[in-house]
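I have placed the structure first, in the form of C-alpha cells, so that the comments after it can refer back to it.
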There are 2 protein chains.
Amino acid sequence: MNGTKQEHDEDAAAALRQTSLRVTKQRVAVLDAVRVHPHTDTETVIRSVRESLPAVSHQAVYDSLHTLTEVGLLRCIKPSGSVARYERRIGDNHHHLVCRSCSLIVDVDCTIGQAPCLTPSHDAGFVIDQAEVTFWGLCPDCTAAGAQRTGDDQFSAV
Amino acid sequence: MNGTKQEHDEDAAAALRQTSLRVTKQRVAVLDAVRVHPHTDTETVIRSVRESLPAVSHQAVYDSLHTLTEVGLLRCIKPSGSVARYERRIGDNHHHLVCRSCSLIVDVDCTIGQAPCLTPSHDAGFVIDQAEVTFWGLCPDCTAAGAQRTGDDQFSAV
DNA sequence: CACTTTCCTTGACTCGTTCAAGAGAAGCAG
DNA sequence: CTGCTTCTCTTGAACGAGTCAAGGAAAGTG
C-alpha cells in the first residue's frame, strides 16, 4: 500500500496488461486516484486525475471507471442517497459503514469469517453470487456534531 | 394482506392519521399502489395511482413517497443500478435478493435470527442503526434465459 | 361555514451519467 | 522505426430521475 508514485503506476500498468486492456495514462491516473482516495466519487476522481493530466475529459474518467470495474480492478458502490463511489480493495468480501449525515464510507471486515451472511434463509430460486452488507449510522464526527439524519439522507431506507 | 380495496384504503387512512399526516386521496392511493406492487419504482407508482386518480402530478407522488418514507410507513430501497423502489413491509429487518439482469427484487428473511450481521467486527466509532443486506444474483427466469449480467448491471459491485 | 395549515399542481430546472462522432494514441506486424 | 488496425479519448449534446418554487386547492378545526 506504500511506495513511490512511479511504483504504483507500474503496478497499475501491469494490472491493465493482465486484463488485455491498453495501458493509457488516463487509466493509470484513474487507478491511482482511487488508490489515493478510497471510496471516492467520480467528481473527485476527475479532479484528482486532472492534477497530473489537466486535459482529461470527464468522459474518459467515466469510461475508465466503467471498464476497470468491469474487468474487476475496481469495485463500484452506490449507497442510497449517494453517487457512485469506487474502491480498489476487491475480492475480499469486506463491507461498508456509511454515515447517514456526511456519506463517509469506512471499510469493515466480515463479522463472521469470510463470507458471512452469504446464505439467505431461502433463495427463491436465485443463483446468488454476492452478499453485500451495508451498515448505516453516524460517523464519529457527525455524532459529535449532533447530526440527525441531515442533508440528503432523509430518503434512505429505514 | 387480503381484503377489499376499501378496507385497505381505510387501513391506509388510519395509518396516516396515526402519524398526524393529513389523509388525502393521493397518499392513500400511493400506499395502495405500493401494497399492490411491492418493490415498485416511482414510475410504476405514478401509473398505478393514475388508474384511480388520473390527474395526480408526478410531484405529488414523489412528495408522498418521501413523506411516507420519512414517517416510516414505507421503506425505500435503491439497489445499485436501479432507481428508487418502495415497499410497505417495514420494521422486521428483512433483506433483499436482487436480480442482476432484470432487477427483480424478492424479500428474504434474516439468516440468523432477528438482526443477523448487525455487529461489524469493528465499528470505527460509528453509531450504527441498521444493517442492510443485499444478495445479488440471477432470478430463476433470467437464469433459465441464460442471462449473463446483461443490461444495466455491468456497473454493479463485484 | 370560515379559517388556517398542509398538500397538490404546474412547470422549470439540476445533476450525475450516458450517447455519438470523429480525432488520437497503443500495440502489433513487418 | 514505420505504418496499420483497433481501441480509447475528446468534444459536445442529450437524457432521466429527482428536486425546487410559487400559487391554488383541499383537509382539518372550531
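Of the candidates D:dC9, C:dT9, D:dG18, the closest approach to any side-chain atom of B:Ala60 belongs to C:dT9. Side-chain proximity of A:Gln26 to the nucleotides C:dG16, D:dC9, D:dG18 is greatest for D:dC9. Listed candidates were D:dT8, D:dC9, D:dG28. Nearest to the side chain of A:Leu21 is D:dT8. Checking D:dG12, C:dG11, C:dA26 against every side-chain atom of A:His58, the shortest atom distance belongs to D:dG12.
Side-chain N or O atoms of B:Thr67 include one that pairs as donor or acceptor with a backbone N or O of B:Asp63 at under 3.5 Å. A donor-acceptor distance shorter than 3.5 angstrom exists from the side chain of B:Thr69 to the backbone of B:Leu65, with no hydrogens or angles considered. When atom types are taken as modelled, the side chain of B:Thr19 and the backbone of B:Leu16 share a donor-acceptor pair closer than 3.5 angstrom. B:Arg50 contributes a side-chain N or O that, together with a main-chain N or O of B:Val56, makes up a donor-acceptor pair within less than 3.5 Å.
Take the nearest nucleotide of DNA chain D for B:Thr24 and for B:Thr42: the residue whose nucleotide is more 5' is B:Thr42.
For B:His66 and C:dT6, the NE2 to C1' distance is 17 Å, given to the nearest whole Å. Put simply, CD1 on B:Ile46 is 13 Å from P on C:dT10, counting in whole angstrom units. One can place CG of A:Asp63 at 17 Å from P of D:dG12, the figure rounded to the nearest angstrom. Whole-Å rounding puts the A:Glu70 CD to D:dT8 P distance at 11 Å. Nucleotide C:dC8 holds its P atom 11 Å from the CG atom of B:Leu65, rounded to whole Å. Following rounding to the nearest Å, A:Arg50 (CZ) and D:dC9 (C1') show an atom-to-atom distance of 13 Å. Atom OH in A:Tyr62 sits about 18 Å away from atom C1' in D:dT8, given to the nearest Å. Note: CG (A:Leu16) to C1' (D:dC9) measures 15 Å, nearest angstrom.
For B:His96 and B:Glu132, the side-chain atoms include no donor-acceptor pair closer than 3.5 Å.
Under the 6.0 Å cut-off for aromatic ring centres, A:Tyr62 and A:His66 do not qualify, their centroids lying 6.0 Å or more apart.
At a threshold of 4.0 angstrom between heavy atoms, the contacts of A:Ser57 include nucleobase atoms, whether or not backbone atoms are also involved.
For B:Arg22 and C:dT6, a side-chain-to-base donor-acceptor distance below 3.5 Å is present, hydrogens and geometry of angles not being considered.
Between A:Arg27 and D:dT8 there is a side-chain polar atom (N or O) within less than 4.0 angstrom of OP1 or OP2.
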Problem set entry | Pair pattern of DNA chain D in dot-bracket, where unpaired bases get dots and | marks partners in another strand, Watson-Crick or G-U under 3.5 angstrom | ||||||||||||||||||||||||||||||
Problem set entry | Chi angles and distances behind the side chain to side chain contact (heavy atoms under 4.5 Å, CB included) call for B:Val28, B:Thr24 | CA-CA 6 Å; B:Val28 170; B:Thr24 66; over 6 Å; no
